[in-house]
*Asks:* 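Structure provided below as structure tokens; questions to follow.
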Amino acid sequence: MTANKVCITLLMLAATQLAFAGGDKMKTPPNALWQEECGSCHIAFPPRLLTEDNWKKLMSGLDKHFGDNAELNAKDRQAIEEYLTRYAGRGARNSAVSLRITETPWFAREHRSISPKEWVHPEVKSRANCTACHQSIARGRWSEHDIGIPGRTGRYDDDD
Ligand code: HEC
Ligand code: HEC
């Protein structure tokens, strides 16, 4: 490789890192195993939304997973745990004893504009049903411009 090519490669690497660090904070480098195994019953929840400790506990109890059995073979479990903990969130605001993202202080704060009635709307049902409101998750988009709340007229308007 010429010095020039090395330089361009390094620049591209740096840009990739930046894209993950800033912009859409929920994005992590793609991981097919995680996407497939943890995205079949619900969306593959972004690693950042729980702490390393939370993920470890969750991954060690997959046979009793919120009333379901989500058990994996040891190799896949370990690989997914490594991925989740590598990109995990930090601090009390991203942590919940129940291991539910929807019960972290972060979630409550971010979703404070949603009324009790809106949470139980037939199209929402569960707080964990992120796609009911975040309609562009499949394209990796979580921002407020990509939210529609079932039962609310018009698009979501940020009133902050
Ligand atoms: C067999 C189906 C199934 C599989 C596979 C599965 N889950 Fe779940 N998961 C569930 C169910 C059911 C819930 C409870 C959803 C609810 O309360 O609405 C849940 C909830 C969760 C929650 C809590 C959501 C919240 O904040 O309320 C997390 C975090 C989670 N799963 C992570 C994972 C991870 C990581 C994997 C892959 C290792 C995985 N799940 C695989 C069925 C599954
Ligand atoms: C009932 C609708 C609804 C559900 C269900 C819902 N959200 Fe949200 N979400 C919102 C609204 C409204 C906001 C506030 C947007 C703002 O003001 O920035 C928000 C904000 C967010 C943000 C911050 C976006 C930003 O750029 O500011 C993230 C990330 C997020 N939600 C993730 C989740 C996850 C993960 C789930 C499922 C576990 C979920 N949401 C379930 C409606 C919902």
Side-chain angles (χ1 to χ4, degrees), residues 19-28 30-91 93-160:
F20 290 128
D24 196 335
K25 293 180 293 242
M26 293 306 122
K27 260 194 188 149
T28 41
N31 182 299
L33 187 64
W34 164 70
Q35 190 67 53
E36 193 181 316
E37 299 295 348
C38 304
S40 55
C41 298
H42 43 66
I43 63 150
F45 297 118
R48 248 186 61 99
L49 300 184
L50 286 177
T51 59
E52 190 176 334
D53 270 8
N54 285 168
W55 286 127
K56 281 187 179 155
K57 280 209 189 82
L58 186 143
M59 292 303 286
S60 67
L62 284 177
D63 55 331
K64 293 191 187 70
H65 181 77
F66 304 95
D68 237 318
N69 185 347
E71 219 173 353
L72 292 168
N73 67 50
K75 189 167 151 270
D76 287 355
R77 178 164 45 84
Q78 202 182 347
I80 292 174
E81 181 173 320
E82 261 172 43
Y83 177 72
L84 289 169
T85 52
R86 180 163 180 198
Y87 297 103
R90 290 205 192 107
R93 61 196 298 268
N94 283 124
S95 180
V97 180
S98 62
L99 308 179
R100 280 189 182 270
I101 291 162
T102 51
E103 287 173 11
T104 62
W106 170 85
F107 190 91
R109 199 187 132 66
E110 203 65 60
H111 294 87
R112 64 193 181 281
S113 78
I114 296 166
S115 71
K117 213 174 130 202
E118 284 170 329
W119 280 127
V120 297
H121 190 279
E123 279 168 45
V124 180
K125 286 198 207 96
S126 167
R127 290 178 189 224
N129 184 13
C130 319
T131 42
C133 305
H134 296 274
Q135 281 112 2
S136 308
I137 290 176
R139 280 176 280 136
R141 297 176 53 165
W142 289 89
S143 83
E144 59 245 56
H145 309 295
D146 296 286
I147 299 173
I149 300 171
R152 237 189 245 187
T153 45
R155 287 183 55 80
Y156 171 73
D157 268 321
D158 198 347
D159 53 5
D160 275 349

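Numbering of ligands and ligand atoms starts at 1, following listing order. Remember, predicted model here, so these are calculated numbers, not experimental data. One is the number of the first residue; the rest follow in order along the sequence.
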*Asks:* Please list, in number order, the atoms of ligand 1 under 4.0 Å from a heavy atom of Asn69.
*Replies:*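 Going through ligand 1 atom by atom, the ones under 4.0 Å from Asn69 are 1 (C).
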
*Asks:* I want to know if ligand 2 touches His111 in the polar sense, i.e. an N/O pair below 3.5 angstrom.
*Replies:*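 His111 vs ligand 2: N/O contact under 3.5 Å present.
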
*Asks:* Which is closest to atom 22 (C) of ligand 2 by heavy-atom distance: Glu110, His121, Lys125, Glu118?
*Replies:*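 Nearest heavy atom to atom 22 (C) of ligand 2 lies in Glu110.
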
*Asks:* Just wondering, do Ser113 and Arg152 contact through their side chains at under 4.5 Å, heavy atoms?
*Replies:*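 Yes, close enough: below the 4.5 Å cut-off.
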
*Asks:* So, do Thr28 and Tyr83 sit near enough that their side-chain heavy atoms are less than 4.5 Å apart?
*Replies:*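 A side-chain contact under 4.5 Å exists here.
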
*Asks:* Checking side-chain contact (heavy atoms from CB on, under 4.5 Å) for the pair Ile80/Met59: CA distance, chi angles, key distance, verdict?
*Replies:* CA-CA 8 Å; Ile80 292 174; Met59 292 303 286; 3.7 Å; yes

*Asks:* Hey, does Glu118 have a side-chain heavy atom less than 4.5 Å from the side chain of Val124?
*Replies:*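 Of all side-chain heavy-atom pairs linking Glu118 with Val124, none is under 4.5 Å.
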
*Asks:* For atom 8 (Fe) of ligand 1, which protein N/O/S atoms are closer than 2.8 Å?
*Replies:*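 As for protein N, O or S atoms lying under 2.8 Å from atom 8 (Fe) of ligand 1, they are His42 NE2, His65 NE2.
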
*Asks:* For atom 5 (C) of ligand 1, which candidate among Glu37, Met59, Gln35 holds the nearest heavy atom?
*Replies:*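 Among Glu37, Met59, Gln35, the closest heavy atom to atom 5 (C) of ligand 1 belongs to Glu37.
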
*Asks:* Taking the minimum heavy-atom distance to atom 1 (C) of ligand 2, which of Gly151, Ser143, Cys133 ranks first?
*Replies:*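 It is Cys133 whose heavy atom sits nearest to atom 1 (C) of ligand 2.
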
*Asks:* Not counting sequence neighbours, which residues clear side-chain hydrogen bond (donor to acceptor under 3.5 Å, both in side chains) with Asp53? List them please.
*Replies:*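 If we apply the side-chain hydrogen bond (donor to acceptor under 3.5 Å, both in side chains) test to Asp53, skipping adjacent residues, there are no hits.
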
*Asks:* Nearest heavy atom to atom 15 (C) of ligand 1: which of Cys130, Ala128, Gly39, Pro46 does it belong to?
*Replies:*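 The residue whose heavy atom sits nearest atom 15 (C) of ligand 1 is Ala128.
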
*Asks:* Heavy atom to atom 27 (O) of ligand 1, shortest distance: which of Glu36, Arg100, Arg127 holds it?
*Replies:*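 Among Glu36, Arg100, Arg127, the closest heavy atom to atom 27 (O) of ligand 1 belongs to Arg100.
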
*Asks:* Counting each atom of ligand 2 from 1 as listed, which ones have a heavy atom of Leu49 under 4.0 Å away?
*Replies:*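 Those qualifying, in numeric order: 35 (C).
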
*Asks:* Assess Ser40 for proximity to ligand 1: is some non-hydrogen atom of it under 4.0 Å away?
*Replies:*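 Heavy atoms of Ser40 do come under 4.0 Å of ligand 1.
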
*Asks:* Show the atoms of ligand 2 that are less than 4.0 angstrom away from any heavy atom in Ile149.
*Replies:*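 Counting atoms of ligand 2 from 1, those under 4.0 Å from Ile149 are 12 (C).
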
*Asks:* Can you name the atoms of ligand 2, numbered from 1 with element, that are less than 4.0 Å from a heavy atom of Ile114?
*Replies:*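 Near Ile114, the atoms of ligand 2 are 1 (C), 2 (C), 3 (C), 10 (C), 12 (C), 42 (C), 43 (C).
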
*Asks:* Looking at ligand 1, would Trp34 count as a contact under a 4.0 Å heavy-atom criterion?
*Replies:*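 No, Trp34 has no heavy atom closer than 4.0 Å to ligand 1.
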
*Asks:* Would you check if Phe107 and Arg100 make a side-chain contact, meaning some heavy-atom pair closer than 4.5 Å?
*Replies:*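 The answer is no; the side chains never approach within 4.5 Å.
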
*Asks:* Under 2.8 Å from atom 8 (Fe) of ligand 2, is there an N/O/S atom belonging to His134?
*Replies:*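 An N, O or S atom of His134 is closer than 2.8 Å to atom 8 (Fe) of ligand 2, so yes.
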
*Asks:* Output yes when a side-chain donor or acceptor of Asn54 lies under 3.5 Å from a complementary backbone atom of Ala96, and no otherwise.
*Replies:*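 Yes.
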
*Asks:* Output yes when Glu82 and Arg86 qualify as a salt bridge under the 4.0 Å nitrogen-oxygen rule, no when they do not.
*Replies:*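 A salt bridge is absent here (no side-chain N lies under 4.0 Å from a carboxylate O).
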
*Asks:* Measuring from the heavy atoms of Asn129, does anything fall under 4.0 Å of ligand 1?
*Replies:*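 No; Asn129 lies far enough from ligand 1 that no heavy-atom distance drops under 4.0 Å.
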
*Asks:* Nearest heavy atom to atom 28 (C) of ligand 2: which of Phe107, Trp106, Trp119 does it belong to?
*Replies:*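 Minimum heavy-atom distance to atom 28 (C) of ligand 2 goes to Trp106.
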
